[in-house]
Amino acid sequence: MVFSTTLRQVGLNARLMDGDAEDAVRSLKAQADGLVILGGADLAASLARAGLIDEYRLYMHPVVLGGGKPYFQSGLSLALTPLGTQSLPQGVTLLRYAPAG
């Protein structure tokens, strides 16, 4: 599924969603037999506010960026519990967190 306000079409093996992302993710989680992986700062913030995120996986890459959209938007307050870290190839570190409470 691709949630977008600007795209009009997507490639093979993808479905463009134009409805309510929260409802679609609730339905997907109820049907899925495994992980549901989502990305994007705006989508993540919306789903976090709705309590639909079970785990955050942050990949720290050894690069310096000068700009971009913050992953955790201002106004979004998260209490997170660390679940662990893992060293990956090319110096990447995976940081895993769960919403506290």
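The model shown is predicted, which means the values in this text are computed figures rather than measured ones.
Atom CE of Met1 sits in a crowded spot, with more than 12 heavy atoms from other residues, nucleotides or ligands closer than 6.0 Å.
Between Ile53 and Ala44, the shortest heavy-atom distance links the atoms CD1-O, 3.4 Å. For the pair Pro62 and Gly91, the tightest heavy-atom approach, listed with the atom from each and the gap, is CD-O, 3.9 Å. Closest approach of Val10 to Leu16, counting heavy atoms only: CG2-N, 3.8 Å.
Partners of Tyr97 under the ring pair (Phe, Tyr, Trp, His ring centres under 6.0 Å) rule, at least two apart in sequence or in another chain, do not exist in this structure. The side chain to side chain contact (heavy atoms under 4.5 Å, CB included) search around Ala98 returns Leu83, not counting sequence neighbours. Ala100 meets the side chain to side chain contact (heavy atoms under 4.5 Å, CB included) test with Ala79, Thr81; sequence neighbours excluded. The side chain to side chain contact (heavy atoms under 4.5 Å, CB included) search around Arg8 returns none, not counting sequence neighbours. Take Leu88 and apply the side chain to side chain contact (heavy atoms under 4.5 Å, CB included) test, not counting sequence neighbours, and it matches Tyr59, Gln86, Val92, Leu94. Scored by the side chain to side chain donor-acceptor pair (under 3.5 Å) test, Thr93 finds no partners at all (sequence neighbours excluded).
Hydrophobic clustering, with ILVMFWY side chains joined whenever heavy atoms are under 4.5 angstrom apart, keeps Val2 apart from Val36. Taking hydrophobic clusters as Ile, Leu, Val, Met, Phe, Trp and Tyr residues chained together by side-chain heavy-atom distances below 4.5 Å, Leu7 does not share a cluster with Phe3. Side-chain heavy atoms closer than 4.5 Å link hydrophobic residues (I, L, V, M, F, W, Y) into clusters, and following such links, possibly through other members, connects Met60 to Tyr56.
Applying the salt bridge (charged side-chain N to carboxylate O under 4.0 Å, His left out) test to pairs two or more places apart or on separate chains, none has a residue in residues 75-90. Listed by first and then second residue, the ring pair (Phe, Tyr, Trp, His ring centres under 6.0 Å) pairs involving residues 22-46 amount to none (not counting sequence neighbours). Applying the salt bridge (charged side-chain N to carboxylate O under 4.0 Å, His left out) definition to pairs two or more places apart or across chains, those involving residues 84-101 are Glu55-Arg96. Sorted by first then second residue, the side-chain hydrogen bond (donor to acceptor under 3.5 Å, both in side chains) pairs that include residues 21-44, not counting sequence neighbours, are Glu22-Ser46, Ser27-Gln31, Lys29-Asp54, Asp42-Lys69, Asp42-Gln73. A salt bridge (charged side-chain N to carboxylate O under 4.0 Å, His left out) check over residues 78-94, counting only residues at least two apart or in different chains, returns nothing.
Residues Pro99 and Leu78 fail the side-chain proximity criterion, which asks for heavy atoms closer than 4.5 Å.
Side-chain heavy-atom separations under 4.5 angstrom define the hydrophobic clusters, and the remaining members of the one that includes Ile37 are Leu35.
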